[in-house]
Engineer: 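The structure that follows is given in the form of structure tokens.
Bear in mind that the values here come from a model prediction, so they are computed numbers and not experimental data. Chain naming here is simple, since letters A, B, ... match the order of the sequence lines and numbering starts at 1 in each.
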Amino acid sequence: MKILKSLNEVQKEAVVYNSGPHIIVAGAGSGKTKVLTHKIAYIIEEGIEPSSILALTFTNKAANEMKERILGLIGSSKAKQIWMGTFHSIFSRILRTEAPKLGYRSNFSIYDKEDSVSLVSNMLEEFNMTNDNLNPSHVQHKISQQKNKMIYPEEFAKNYIQNIFDKKVAYLYPFYNKRLFENNSMDFDDLLLKPIELLNSDSKLLAKYRSQFKYILVDEFQDTNHAQYELLKLLVHGKTKICVVGDDAQSIYGWRGADIKNMLDFEKDFEKAKIFRLEQNYRSTKNILLAADSIIKNNSEQINKTLWTSNEDGEPVTLIKSSDEKDEAFLIAKQIKQEIATKKLSLNDIAIFYRINIQSRAIEEALRREKLPYKIVGGTEFYQRKEVKDLIAYLRILINQNDEESLLRIMNYPQRGIGNTSIVKMIAFARKHNLSLFQTMSRIFEVIEVKERIQKNVKQFKILLDKYVELKDKLSISELISALVDDLGVLKMYKEEGTSESMQRYENVLELLASIRQFEKDNSKIKLEDFLGDVSLMAGVDMMDTKDNSLTMMTIHSSKGLEFPVVFITGCEEDIFPLHRKFDTDSIVDEERRLFYVAITRAEKKVYVTYARSRYRFGEVAYQSRSRFIDELDENVVEELNGPYGKRSGRKKKSFYDELYQHGYDYDFSQEQRSLRVGSRVTHDVFGMGKIIAITGAGDMQKVTVAFEHDVTKTLLSKFANLKIV
DNA sequence: GTCGTTCCAATTTTT
DNA sequence: TTGGAACGAC
Ligand SMILES: Nc1ncnc2c1ncn2[C@@H]1O[C@H](COP(=O)(O)OP(=O)(O)OP(=O)(O)O)[C@@H](O)[C@H]1O
């Protein structure tokens, strides 16, 4: 059979296996995704209906690629009928049909993080809690964490309150859910929670989906959260075939609720689960695997796995040292030119990874200067930009008039003389009369607190919206948005402003129009509702264009599942990678280490690791020390490209002089500064462990602000503080 | 209600 | 350093 031909023995076994739940646990590049792909193709060839297969991937892009591969394998367009996508997109699709059973309408909006945060923010204002010192985004994050652990408001309030912050969150949490519901909207977590509620409460529906999905396959299983796992447990029953694949060493979304425990529990929860282990890596050179292994073995908790390759030894990992982030970027550009010149590589073969998006700035600049074309994957995503979101908000309100967040966004965009005071009055009226804000606009003349002149503005706005509600079924999406953009005059507005930001916005609006036209071309007869759903669930990598010839830049998180011949891992310095704040626990550093492992294992032939001795952070120079991960790399597979201070020493503990070198020569080595600098870890006799977050003054008057454990921050005179460096 | 100025947190990572 | 929120003047 053709489908099995390009597989090794274990892979074949796993593809063909059909006697019950199975999990494929294997290291990077061992062909997990490949097995999953071939398995699906195999099942279809066996005569199983594609529409009875549910295949869950981590990104939409991965889903599309998998579909294409399957198409190539079975040569039939049947692949289109597979239920394939991310958990979020699949279950939002199911909710479009089933949500009415929960009291939502099927045109519900999907709130992304920003929408959710702004909902929280508006709630704080409405509840007069703006003085409570609550950061809306922290509140939202906390709520989201509970939701994806399936901890409901009552339970949270009862069992999980540890401090005053939790208490306030517990107060807000039920109202937050209520508001979402009233807005006929769901946040990302609801897209998983609501299906769980539905399937738990409606046995007929459960039966329907259980018989619908005869095969369930999950890629990147190590990064599923509790809600996702619960969904799987619900859907899988006696006859369902379930196959999951994952690598615990690549779990990098713990902060988003993902739990490796799911992998360990699988055997327990799914009876007679069979484990397959793939041990041959087909992606990388021996040296790269050695380097990756030397990193990951520093993590204590791991599922034991072997990984070997018959590929060549290849080149060592090359370390590039630089003085600051500009220098780093320049050296990367220089090295890329050399790679291309000497190795017949194309730009597409090279990727530059970073820990945090901000790092891309300096690199972009250097690449532009050196005339190296690049693309940024993810980052401040296109659909996240303000002007784009504003226009999308118009579309959303046309579909779902209860979507108050969207309505608030556009109420005064572009400016039409409806200010905050009037909006507050309108909301009060809406709450009092149990109306939506949208309905309130129809009765604006009853809201006597709003000035007459402004009532007229509201009326005008309402007429505009009504007109487009009317038009939305008559025009295509692109015609609709073009007409709207014209009507609103935003293009003209940006042009007249004439600043460089405005021009950027102008461009972005044009790009939005173009992208909608493209979207229409790719998905004929698509409905506005579906377009909006897709847009909210679009991941950064989903937009990645692999056709054009350019370098790829992205965060390591976005690089998951991808592979490139040459990989640059940049900013390998303490406090960047591992990026940690104040007091990180081992488990957080372990996740950073897994992230580093993911980064290395994306590479086929060559890894560069770069770091800088200083970089601008928050507008001031911060002196960096190189990442512990660099020291963890197996010396035998590492070379230094430009160590101006001699060869890397194998010493684990740095000497005082090394420390000096680390921090550069343009540094004042006076006693107190050497010892105390921003970022230094210190201990205090009374307060214990801490980290310096600011230093002011000098000499006897020098003050240091230290963040101690348990959220205690103190500003002390260094003369008396007697801080000891650790 | 709008515009300009000042002030402050942000640089985690994203479905 | 930057962008958004907050504040005050008109
Ligand atoms: N039996 C095989 N023969 C040749 N090449 C293979 C084989 N199995 C996998 N590969 C290749 O190895 C590379 C890695 O495969 P794949 O992406 O499926 O691995 P993975 O285990 O999912 O990796 P990761 O977990 O790192 O994302 C791919 O280029 C794939 O084509």
Engineer: For residues A329(A) and A366(A), report the shortest heavy-atom separation together with the two atoms involved.
Structural biologist: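 Minimum heavy-atom contact is CB-CB, 3.5 Å.
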Engineer: Once you round it to whole Å, what is the distance between C1' of dG3(C) and CD of E387(A)?
Structural biologist: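 Roughly 13 Å, once rounded to whole Å.
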Engineer: I need the CZ-C1' distance between F188(A) and dT14(B), as an integer number of Å.
Structural biologist: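 Taking atom C1' of dT14(B) as the reference, CZ of F188(A) is at 8 Å.
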Engineer: Does NZ or CZ of R96(A) come closer than 6.0 Å to the centre of the six-membered ring of Y104(A), within 45° of the ring's axis?
Structural biologist: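 No, a cation-pi geometry is absent between R96(A) and Y104(A).
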Engineer: Are more than 12 heavy atoms from other residues, nucleotides or ligands located less than 6.0 Å from atom OH of Y616(A)?
Structural biologist: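 No, because the 6.0 Å sphere around OH of Y616(A) holds 12 heavy atoms or fewer from other groups.
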Engineer: I need the CZ-C1' distance between R615(A) and dT12(B), as an integer number of Å.
Structural biologist: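 These atoms are roughly 14 Å apart.
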Engineer: With the stacking rule set at 5.5 Å and 30°, tell me whether F58(A) counts as stacking on dT15(B).
Structural biologist: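 Check failed, F58(A) does not stack on base of dT15(B).
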Engineer: So if I define the base as every atom that isn't primed, P, OP1 or OP2, how would nucleotides 1-7 of chain B read as a B/S/- string at a heavy-atom cutoff under 4.0 Å?
Structural biologist: SSS----
Engineer: How close or far is atom P of dT15(B) from atom CG of L95(A), stated in whole angstroms?
Structural biologist: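 The distance from CG of L95(A) to P of dT15(B) comes to 19 Å, rounded to the nearest Å.
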Engineer: Quickly work out the F353(A) CZ to dT12(B) C1' distance and round it to whole Å.
Structural biologist: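 Whole-Å distance recorded here is 18 Å.
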Engineer: With rounding to whole Å, what would you report as the distance between dG4(C) and dT13(B) at their P atoms?
Structural biologist: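 These two P atoms come out 16 Å apart once rounded.
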Engineer: Take the protein atom NE2 of H226(A) and the nucleotide atom P of dT15(B), then report the distance between them rounded to whole Å.
Structural biologist: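 Between P of dT15(B) and NE2 of H226(A): 20 Å.
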Engineer: List the steps and the verdict of side-chain contact (heavy atoms from CB on, under 4.5 Å) for F188(A) and L191(A).
Structural biologist: CA-CA 5 Å; F188(A) 281 150; L191(A) 295 179; 4.2 Å; yes
Engineer: What residues, two or more places apart in sequence or in another chain, satisfy salt bridge (charged side-chain N to carboxylate O under 4.0 Å, His left out) together with R594(A)?
Structural biologist: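 Expected list: E591(A).
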Engineer: Would you kindly give the CD-to-C1' distance between Q504(A) and dG3(C), to the nearest whole Å?
Structural biologist: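 Checked: the CD to C1' distance equals 15 Å.
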Engineer: Looking at S558(A), I'd like to know whether one of its side-chain N or O atoms comes within less than 4.0 Å of OP1 or OP2 on dT14(B).
Structural biologist: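 Yes.
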Engineer: Would you check if there is a donor-acceptor pair between the side chains of Y152(A) and E197(A) at a distance under 3.5 Å?
Structural biologist: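 Yes, Y152(A) and E197(A) have a side-chain donor paired with an acceptor closer than 3.5 Å.
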Engineer: What's the closest nucleotide to the H557(A) side chain, out of dT14(B), dT12(B), dA10(B)?
Structural biologist: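 Selected nucleotide (nearest to the side chain): dT14(B).
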Engineer: Are Y611(A) and Q624(A) close enough that a side-chain donor and a side-chain acceptor fall under 3.5 Å?
Structural biologist: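 Their side chains do not contain a donor-acceptor pair, so the 3.5 Å distance test is not met.
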Engineer: Counting any heavy atom closer than 4.0 Å, what does N135(A) reach on the DNA or RNA strands: base, sugar-phosphate only, or nothing?
Structural biologist: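 If one applies the 4.0 Å heavy-atom cut-off, N135(A) turns out to touch the sugar-phosphate alone, with no base involved.
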Engineer: Does the side-chain ring of F87(A) lie flat on the base of dT15(B), meaning centres under 5.5 Å and planes less than 30 degrees apart?
Structural biologist: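 By the stated criterion, F87(A) and dT15(B) do not stack.
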Engineer: In whole angstrom, what separates K113(A)'s NZ from dT13(B)'s C1'?
Structural biologist: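 So the NZ-C1' distance, K113(A) to dT13(B), works out to 11 Å.
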Engineer: Starting the side chain at C-beta, find the nucleotide from dT11(B), dT14(B), dT12(B) nearest to L579(A).
Structural biologist: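 For L579(A), the side-chain atoms sit closest to dT12(B).
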Engineer: So if I take every side-chain heavy atom of T555(A) and compare against dT13(B), dT11(B), dT15(B), which nucleotide ends up nearest?
Structural biologist: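 Per side-chain heavy atoms of T555(A), the pick is dT13(B).
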Engineer: Quick check on DNA chain B: between Y253(A) and G619(A), whose nearest nucleotide comes earlier from the 5' end?
Structural biologist: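 Taking each residue's closest nucleotide, the earlier one in sequence belongs to G619(A).
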